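Below is one structure, written out as structure tokens; the observations come after it.
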Amino acid sequence: MAEEAKTQEKTPQALPPLVSRVPVKTKEMLDLLLADRGVTYYEEMKKFPVDTAAFKKTLAASCKSRIRTWLKICAHCGMCADTCFFYLANDRDPKQVPSYKIQSTLGEIVKRNGDVDTEFMMNCMDTAWGKCTCCNRCGQFCPHGIDMGVMFGYTRGLCFSQGFVPHEMKIGSGMHWLYNAQMDITVDDFTETCAWMAEENEDDWPGLNIPVDKPNADIMYTINAREVKHYPEDIAEAAILFHLTGENWTVPSKGWESTSLAMFAGDWACCKQQVEWVYEAMERLKPNRMVCTECGHMHRATITEGPYWAGLPSGNTPVPSLHYVEWVLEVLENGKLKLDPAKKIKEPVTLQDPCNYVRNAGLSDVTRKIMGYIAEDFREMQPNRELNFCCGGGGGMNGIGRYRKERNIGLKVKRDQILATGAKFVVSACHNCWDAIRDLEEVYKIGIKWSFLKPILIKQAIVPDHLKPKEEGTDE
Amino acid sequence: MGAIYEFVSGPLALISFAVFFIGCIYKVIWYVKGLDWRLDRVAYSTQRSLGIKGAIRSLYHWLLPLNQTTANHPIFMGATYLFHLCLIVAPIFLVAHVVLIEESWNISWVTIPDPIPDYMAMVVIAAGVFFLLRRLTNPDVKIITDGSDYLVLAIALAPFITGILAYNQIFDNQLMTILHILAGEIMLVAIPFTKLSHFVLFFCSRIQLGMDYGIKRGGVHGRGIAW
Ligand code: HEM
Ligand code: SF4
Ligand code: SF4
């Protein structure tokens with residue numbers, strides 16, 4: 001191993017190593033990683049040494065009684081086995097039992113106090129990202145209250161600190177370091193997209209406007225960088241719905257992105273930087289509250305976990321923060337948004353409960369009430385609410401090429417859950433679930449459609465006359 | 001033999017109880033001191049009332065068989081509840097034990113009339129055998145089983161097996177009694193040092209997870225973990 005490293009150093013034009021224990025913080029490094037597509041990266045990783053001295057220090061500083069107790073008192077009873085969708089999707093493979101997965105990775109690390117080798121760490125990586133989505137489902141069934149999802153989140157942080165992190169996750173956290181966004185989208189890209197979307201839809205929605213950096217608004221709206229890059233219509237739809245409901249809203253220029261691939265990567269320092277960017281926007285613009293888009297891990301990162309990374313002792317965000325579904329229910333209930341009951345979805349429709357804001361934030365009633373407004377034949381998946389299975393693409397899984405095969409196998413559980421409802425239409429108010437369900441259809445071709453809430457709501461909304469375009473204006 | 005009996009039932013018993021109590025208290029202090037609101041990402045102290053609510057829910061649903069896991073696996077969970085109930089109740093309320101304690105320390109409490117504790121000991125052993133067979137045959141359990149699981153099972157069962165033998169005067173009674181006392185003392189001493197420490201850490205872990213859900217994962221919306 002040491003010899004390899006030396007020969008690399010000697011070659012004059014050798015590129016800097018792709019694998020390292022530090023996050024990506026320069027554009028050059030990011031470009032190198034992007035260009036590599038993971039090929040050399042994983043080859044290099046096979047030879048990348050473990051820094052056991054640093055490992056011991058990290059463990060001493062961060063592995064405290066909660067995790068040590070969980071590892072120690074696990075009764076090895078196997079009650080968690082059939083609660084993990086990976087176990088079920090892999091024909092009940094004992095290697096997918098949550099307790100086994102954590103004991104053979106983090107359990108060993110703790111037992112050996114970080115004295116592990118490269119091969120071991122690569123296996124840890126393949127388990128922490130390739131066999132667990134940190135959905136936290138299993139923890140609900142353990143008699144001792146042992147949460148493997150939490151422990152795998154922690155394990156990811158350990159892996160990251162040692163450089164053993166999937167290619168796309170390394171890039172993801174690098175993006176956050178460089179752009180404060182999960183993709184290479186700058187503040188200008190964002191504000192220009194907003195302006196473009198407002199312009200694009202102005203004919204249909206006279207007066208449509210996306211106010212940037214408006215102080216003291218009621219709502220500060222934050223989004224997912226994907227919307228800027230791939231789905232700008234989502235931003236337009238959000239604007240239309242705020243317009244329709246007459247909300248006093250704004251988007252922050254700095255602080256517009258509230259997702260966090262850094263959380264999936266286990267790069268805790270970067271998680272802190274990212275949420276502080278959003279919280280600074282709250283302090284600067286002083287909105288009454290924040291609403292985030294239809295994304296699950298965004299809610300987890302910025303609303304549920306974020307205050308802790310930022311060191312806020314209340315555990316709450318600087319201003320009250322809502323998931324998009326909470327805002328939707330609010331305007332449906334207070335009548336700001338009126339839907340045409342005749343336009344309710346007639347065909348059977350089912351609902352995906354995202355782990356990140358249902359199991360891990362308790363919003364299951366909210367989405368069900370919304371379904372009551374928009375669907376005539378709503379069918380629950382089994383199991384559902386807090387007990388629902390992960391979509392199959394959570395925790396960063398959707399984006400990691402190395403685990404595509406594992407991901408596609410895992411999708412079988414969601415596929416069968418959807419098929420059992422008899423519905424061919426799935427509502428998914430989460431980017432990750434939405435992607436997983438799209439890919440599920442691509443892989444298994446079960447003939448389903450899927451949608452965020454925004455397009456459904458716009459389709460069913462009763463538009464007041466004064467908001468309609470002039471040409472169509474009736475008896476004005 | 002008489003001297004050995006005196007020793008195991010006298011000084012050794014005192015030492016075992018001392019190790020057990022001090023060890024358990026130490027474990028709880030160690031656990032609580034190791035909690036860290038930033039590392040665990042749970043606002044334990046600033047959101048106390050949500051935390052307490054979550055903790056109570058967590059204990060209530062698991063100390064009683066009111067949880068999803070019992071519904072999904074009634075046989076195993078039934079065995080476990082019976083095992084633990086008998087394991088804890090039988091020795092504490094056994095007439096012979098209460099009498100011994102009264103003789104030494106002049107305190108006593110209610111008892112369960114013989115031979116009910118004898119039957120309870122049999123339940124403990126039967127459940128233990130079931131756990132053992134499960135460990136040897138169920139592939140999901142086998143893969144996570146290690147030596148310590150067999151060891152703690154043996155430590156937990158030994159006082160009950162020797163107890164039944166002593167109570168029913170099978171084999172040499174005095175020898176059995178000595179073995180029984182020793183087995184009980186090994187169990188007491190093993191509790192703080194092995195995974196039997198779940199005797200107290202179970203409560204710590206359940207309370208912690210309950211607080212986690214109560215404070216940040218749904219408690220404010222009246223939901224929290226779906227037991
Ligand atoms: C109130 C105190 C206790 C509680 C709440 C408790 C709870 C639990 C729980 C939740 C489990 C995991 C599920 C299972 O495998 O059955 C377990 C396992 C176990 N407990 Fe306890 N326990 C307590 C006291 C004890 C004591 C005092 C002993 C023995 C000295 C003991 C011996 C065991 C054993 C041997 C297992 C493993 C069973 C197996 O092989 O599957 N427990 N306990
Ligand atoms: S259910 Fe809990 S105690 Fe049992 S094996 Fe799984 S993690 Fe361990
Ligand atoms: S957290 Fe989810 S994916 Fe991970 S082991 Fe538990 S059930 Fe499986």
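Fair warning: this is a prediction, and the values are worked out from it, not measured in the lab. Each chain gets a letter, A, B and so on, in the order the sequences are listed, and its residues count up from 1.
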Is [X] close to chain A through its backbone or its side chain, or both, or neither, when contacts mean heavy atoms under 4.5 Å?
X: B:I215; result: side chain
X: B:N72; result: side chain
X: B:F76; result: side chain
X: B:T194; result: backbone

With side chains defined as the heavy atoms from C-beta onward, is the minimum distance between [X] and [Y] less than 4.5 Å?
X: A:W70; Y: B:Q208; value: yes
X: A:R359; Y: B:Y213; value: yes
X: B:V141; Y: A:C77; value: no
X: A:P143; Y: B:T80; value: no
X: A:K64; Y: B:D40; value: no
X: A:D365; Y: B:H221; value: no
X: B:R206; Y: A:H144; value: no
X: A:Q140; Y: B:T69; value: no

Atom group of A:T83 that falls short of 4.5 Å from chain B, counting heavy atoms: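 For A:T83, there is no contact with chain B at all, as no heavy atom is under 4.5 Å.
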Portion of A:R92 that has a non-hydrogen atom of chain B nearer than 4.5 angstrom: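 The backbone, not the side chain.
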Cationic tip of B:R41 above A:W268 ring, under 6.0 Å, 45° of axis: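 Judged by the rule, B:R41 and A:W268 form a cation-pi pair.
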Interatomic distance, B:I143 atom CD1 to A:K101 atom NZ [nearest 0.5 angstrom]: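 Reported value, rounded in 0.5 Å steps: 11.0 Å.
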Spacing of CG belonging to B:D212 relative to CG belonging to A:D147, to within rounding of 0.5 Å: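 So the CG of B:D212 and the CG of A:D147 are separated by 7.0 Å.
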Ion pair B:D140/A:K95, N-O distance below 4.0 Å: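 Salt bridge absent between B:D140 and A:K95.
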Side-chain polar contacts of residues 29-37 of chain B - donor-acceptor pairs under 3.5 angstrom, sequence neighbours left out - could you list them?
from  : atom 1 : to    : atom 2 : distance (Å)
B:D36 : OD1    : B:R38 : N      : 2.9
B:D36 : OD1    : B:L39 : N      : 3.1

Contact residues of residues 299-306 of chain A (partner chain B; heavy-atom separation under 4.5 angstrom):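 Only A:T304, A:E305 of residues 299-306 of chain A have a heavy atom under 4.5 Å from chain B.
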Distance-only polar pair, side chains of A:K72 and B:H198, donor-acceptor under 3.5 Å: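 Absent: no donor and acceptor within the cut-off.
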